[in-house]
Amino acid sequence: MKLLYTTSKLGIGERIYQTKRTIQEASATCPEKINSVSGANKKRRRLDLELEAEKKSESSDSSDEEEEIKEAIEKIATHSYNFGKVEECIKKPLNSDQAFPNMPAHQKAAHKPSSKPAVFIPVDRSPEIQEARLKLPILAEEQVIMEAINENPVVIICGETGSGKTTQVPQFLYEAGYASSNGIIGITEPRRVAAVSMSHRVAKEMNLSHRTVSYQIRYEGNVTDETKIKFMTDGVLLKEIQKDFLLLKYKVIIIDEAHERSVYTDILIGLLSRIVPLRGKKGQPMKLIIMSATLRVEDFTDNKKLFPTVPPAIQVDARQFPVTVHFNKKTPVDDYSGECFRKVCKIHRMLPAGGILVFLTGQAEVHSLCRRLRKAFPFHKNKTEGGEENEESVEETKKFKKSKQKKTMPLPKIDLNNYSVLPVDEGDEDREAEMDDEEDAVGSDLDLDLGDDGLEEGEKSDSSLPLYVLPLYSLLASEKQAKVFRPPPLGTRLCVVATNVAETSLTIPNIKYVVDCGKVKKRFYDKVTGVSSFRVTWTSQASANQRAGRAGRTEPGHCYRLYSSAVFSDFEKFSPPEITRRPVEDLVLQMKALNIEKVINFPFPTPPPTEALAAAEELLIALGALQKPPKTGRLKELQVAKLSCPISSLGITMASFPVAPRYAKMLALSKQHGCLPYAITIVSAMTVRELFEEFERPAVSEEETEKLKGKKARVIQMQRIWAGQGASQKLGDLMVMLGAVGACEYAGCTPKFCEVNGLRYKAMLEIRRLRGQLTTAVNSICPDAGLFVDPKMKPPSETQVIYLRQIVLAGLGDHIARRIQAEELLDEKWKNAYKTPLLDDPVFIHPNSALFKQFPEFVVYQEIIETTKMYMKGVSAVESEWIPILLPPYCHFEKPLAIPPPFYCPETGRIRCHRPSVFYRVGWQLPAVEVDYPEGIDRYKYFAKFLLEGKIIKQLGFYKRCLLSSPLTMLKTWSK
DNA sequence: GAGCACTGC
């Protein structure tokens, strides 16, 4: 056994070894082996101590400069940093009138005496590119933008999608010499695809090679020494800050899509708000440019804690076509899916050519709507015309005809560009809606009676209009997703039924009509218990406008909102930033690794709830990633200390693994008995979502229903095989994951293998890449591990499975559950249920789990998701005697037992004893286990007794018989 | 005995 991190105080890892010993002793297997292991263990521990000594001497050498930086970082944490002269040169926000029309921005920059670049870097663009560029509104703003950047350390650029800011601003900076000498331009994107595609596009526009305009994302990149413009994902830059806090290689950082408020973007903005003045102070100034959609800049400009001096914001127009927004007069109470169906039918029948994009909330809805639409407007590859209408679509036609008889109304004219968050009033809708009777209301959206010919044509070809219907959601296989980007078959209209992926991540070409149900499915977390659930709620105004904008990418379009304008005006303006809605233990650990101890004082654009910060700190302390706060002192001081614990050496190791802290802990404990390759695989599989294909969805045809049934049966059979035999089964769902990945890699990880065995190919590729990344990370911390990703990895031995189960328990200690005992079963709802420390309600093993119906007494789980019940997923069985040894922070230990009696351990030089314990909050009685004798007078009494008995120094034993009274006297209560 | 949106290191 050896920990990956070096420390003289062996932590829980050592306990794993001891656990193993107690377990093996209990099962009386192979005592010699244990001894040999413990010998190796001691040798390694010595090595650890040496390493630690080396480390210390290294760190004492650190230069003054590093000290200064460290101090600065600490000041960030305490928020006492004095900005000094940097602020004094910040000017008031600029407006376009202040621009100097006849002087190029780079020349103006040259007039400045400060460190601003004085060079103009020529770029050789092709005539076509030059022409296309000139059409972009942002080009007219170059001078204003560059002026603002030259004059201010922080600038905000606002512009909607289509303004060209992502591709053009880096080029402005390059031409103005910001990447000329010793520094580069960095641009962060919230998505990998965006980072890659933007780098390609900018390289092409500038006629430069990928060696100069490059990208870096999690698993790959083409950055070279010559790189001048670097696109990357936000997480990549955050990791770089860990290595070089001041980001000295960058002259400019651009944060793109800041309005999306991804967690990493938020943290980057907080950090950069402090790094920029530090760089100024150091005489190596850096510029920060935040690019955001127009409506959400207040979070950055009105936040004095973030930017004490308001940074200038420059507005850039977008080249977007007008989108006419139509509200429903009445909002369907429940059946928004059906309402979508009716609306698409009408658009398809009545309106001129142009793709339709429908927004729904989830996979199942998407598939069921696809199925209905395909039935209503069948499209067969080889049939040119005709095709019989089924009953459903006849029904729809009737409804449609009925609605047609109503009077026509003029279309509201709304230009999305000038479209405020509040809708233009369409008249007295509510009164009208009330006047409609129920039946009429269904088809009362007269907005569709537009245009003359559109209407006529719709009528004529009513019976046979092929519609090319495609589903789109994130978990869909790539090749199926790719279909939406290709032109639809001749004579058909494209209709994409999508989830929120189509709102930001994927842009579908040639969409003219958007149908927006107004809903989103979101994940909710309970701040205290961490239980998550998925709920469908109304979306935000900003997101509804984003959806509408998807109709105006190539020509003027229409957006049909299936809710009234009154409902819309009740939407929240923006969805709350992600950082306020999810657990933050990973972020807190990252920040602690940057020596930001008082995370609560960090200048977040929007801070997470205090409860979430406290829960994160508590978990990290329990995992041993943070140093324990003192137990004595004044209550108030204790509370403060509890929220500002410094990182531990284990925590530093954990922070270097790019996975959740619970999983990072597992990796840090796995260097024993060849467990690392397995732990890496399990952690990778747990990190990647949805390994298995979902077969429960409604099928498109009868044929498909049969196919799905067959597949499902096959997958269940495979999962049973992957769950392993005998003792391996106790690793539960994690064993299934390990088996699935192992089998898939063994077969070469082909799409075919995945398809046949119900595995998601995309997930398997991601796991493969994550395994590679984690293997590299472990090797770099622990070079003697010599790990590699083995595609022919053998299944773990039964002993290894036991270690893996213990490792998993150590990482998921707060996710433990115990089966309800027969005598506790007071209520029927607790039948087959489990109890957890934080929840009052029963939880259950998910029916898809490998341990369903096995009911181990103690389990750990990956997560609890509440649906009809609270279900534990990713379940693994644990043994009760491991709990006190692996999770002491959660156990209250009782007095040492008299039998078996305490004893002296010559290997550690400590007094050992057996102590029973109870699990915190729930008071589960846990078996007595061997631990160090607790601190106090009794420990010294025992030491004295063993000393006199000659247990500690053998030679003293010789004098035992000469003693006036027995060494046992030392234990008497009256003994002093 | 089920039913999970989206994304980054």
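Only a predicted model underlies this, so the values are computations on that prediction, with no experimental measurement involved. Proteins come first, then strands; the chains are lettered A, B, ... in the order of their sequence lines, and each starts at number 1.
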Where the side chain of A:F534 is defined as all heavy atoms beyond and including C-beta, which of B:dC9, B:dG8, B:dA5 is the nearest nucleotide? B:dA5

Return yes if a side-chain donor-acceptor contact under 3.5 Å exists between A:E766 and A:Y219, otherwise no. yes

Answer with base, sugar-phosphate or nothing: what part of the nucleic acid does A:V520 contact at a heavy-atom distance below 4.0 Å? nothing

Using whole Å, what does the distance between atom C1' of nucleotide B:dC6 and atom CG of A:L476 come to? 15 Å

Taking salt bridge (charged side-chain N to carboxylate O under 4.0 Å, His left out) as the test, write out the residues that go with A:R523, two or more places apart. A:E863

B:dC4 phosphate, OP1 or OP2: any side-chain N/O from A:T867 under 4.0 angstrom? no

With A:R218, which residues qualify under salt bridge (charged side-chain N to carboxylate O under 4.0 Å, His left out), at least two apart? none

Under a 3.5 Å threshold, yes or no: a donor from one side chain and an acceptor from the other, between A:R261 and A:T606? yes

To the nearest angstrom, the CZ-C1' distance between A:R581 and B:dC6 comes to 11 Å

Given B:dA5, B:dC4, B:dG8, the nucleotide with the shortest approach to the side chain of A:R523: B:dA5

Tell me whether the OP1 or OP2 atom of B:dA5 has a side-chain N or O from A:Q363 closer than 4.0 Å. yes

Taking A:L734's backbone N and O only, do any of them form a donor-acceptor pair with A:S876's side chain (distance below 3.5 Å, no angle check)? no

Euclidean distance, atom CD of residue A:Q862 to atom C1' of B:dC4 [Å, nearest integer]: 13 Å

Verdict with supporting geometry, A:F300 and A:H259, ring pair (Phe, Tyr, Trp, His ring centres under 6.0 Å): CA-CA 10 Å; A:F300 309 124; A:H259 60 277; 9.3 Å; no

Counting just side-chain N and O atoms, does A:R191 come under 4.0 Å of either OP1 or OP2 of B:dC6? no

Considering just the side-chain nitrogens and oxygens of A:R535, establish if one lies under 4.0 Å of OP1 or OP2 belonging to B:dC4. no

Applying a 4.0 Å non-hydrogen cut-off, can you work out what A:K519 is touching in the nucleic acid: base, sugar-phosphate, or nothing? nothing

For A:Y861, all residues meeting ring pair (Phe, Tyr, Trp, His ring centres under 6.0 Å), sequence neighbours excluded: A:H815

Whole angstrom value for the distance that separates P of B:dC9 from CG of A:D266: 17 Å

Establish, with yes or no, whether the OP1 or OP2 oxygen of B:dA2 is under 4.0 angstrom from a side-chain nitrogen or oxygen of A:T868. yes

Any residue of residues 710-718 of chain A with a heavy atom less than 4.0 Å from an atom of DNA chain B: A:K712

Sugar-phosphate, base or nothing in reach of A:E863, heavy atoms under 4.0 Å: base

Would you indicate what A:E690 reaches in the nucleic acid, counting non-hydrogen atoms under 4.0 angstrom: base, sugar-phosphate, or nothing? base

Looking only at atom types and distance, does a side-chain atom of A:N222 sit under 3.5 Å from a main-chain N or O of A:Y215, one as donor and one as acceptor? yes

According to a strict under-4.0 Å criterion, is A:K521 in side-chain N/O contact with OP1 or OP2 of B:dA5? yes

Not counting sequence neighbours, which residues clear salt bridge (charged side-chain N to carboxylate O under 4.0 Å, His left out) with A:D256? List them please. none

What is the distance, to the nearest angstrom, from the CD1 atom on A:I267 to the P atom on B:dC9? 14 Å

Nearest to the side chain of A:Q773 - B:dC9, B:dG8, B:dC4? B:dC9

Rounded to whole Å, the NZ-P distance (A:K853 to B:dG1) equals 6 Å

Nearest to the side chain of A:P658, which nucleotide is it out of B:dC9, B:dG1, B:dC4? B:dC9

A:S532 vs B:dC4: side-chain N/O to OP1/OP2 distance below 4.0 Å: no

Whole-Å gap separating P (B:dA2) and CE (A:M870): 15 Å

Report the nucleotide, chosen from B:dA2, B:dG8, B:dT7, that has the shortest atom-to-atom distance to any side-chain atom of A:R192. B:dG8

Would you mind classifying the nucleic acid contact of A:I865 as base, sugar-phosphate or nothing, using non-hydrogen atoms under 4.0 angstrom? base

Under the side chain to side chain contact (heavy atoms under 4.5 Å, CB included) test, residues paired with A:A498 that sit two or more places apart: A:L357, A:L472, A:V496, A:A502

Roughly, in whole Å, what's the span from CD in A:Q481 to C1' in B:dT7? 14 Å

Hey, does A:Y871 reach any base, or is it just sugar-phosphate, or nothing, if we go heavy atoms under 4.0 Å? sugar-phosphate

Quick one: is A:S474 getting a side-chain N or O under 4.0 Å of the B:dT7 phosphate, OP1 or OP2? yes

Would you mind telling me which residue lines up with the more 5' stretch of DNA chain B, A:T361 or A:E766, judged by nearest nucleotide? A:T361

How is A:V263 classified with respect to the nucleic acid when contacts are heavy atoms under 4.0 Å: base, sugar-phosphate, or nothing? base

Among the nucleotides B:dA5, B:dT7, B:dA2, which one has an atom lying closest to any side-chain atom of A:H846? B:dA2

Ignoring backbone atoms, establish whether A:T504 has a side-chain N or O less than 4.0 Å from OP1 or OP2 of B:dT7. no

Side chain of A:R582 only, please: which of B:dG8, B:dA2, B:dC9 is the nearest? B:dG8

Heavy-atom nearest nucleotide on DNA chain B for A:D586 versus A:L475: which residue maps closer to 5'? A:L475

Any side-chain N or O of A:Y473 under 4.0 Å from OP1/OP2 of B:dC6? no

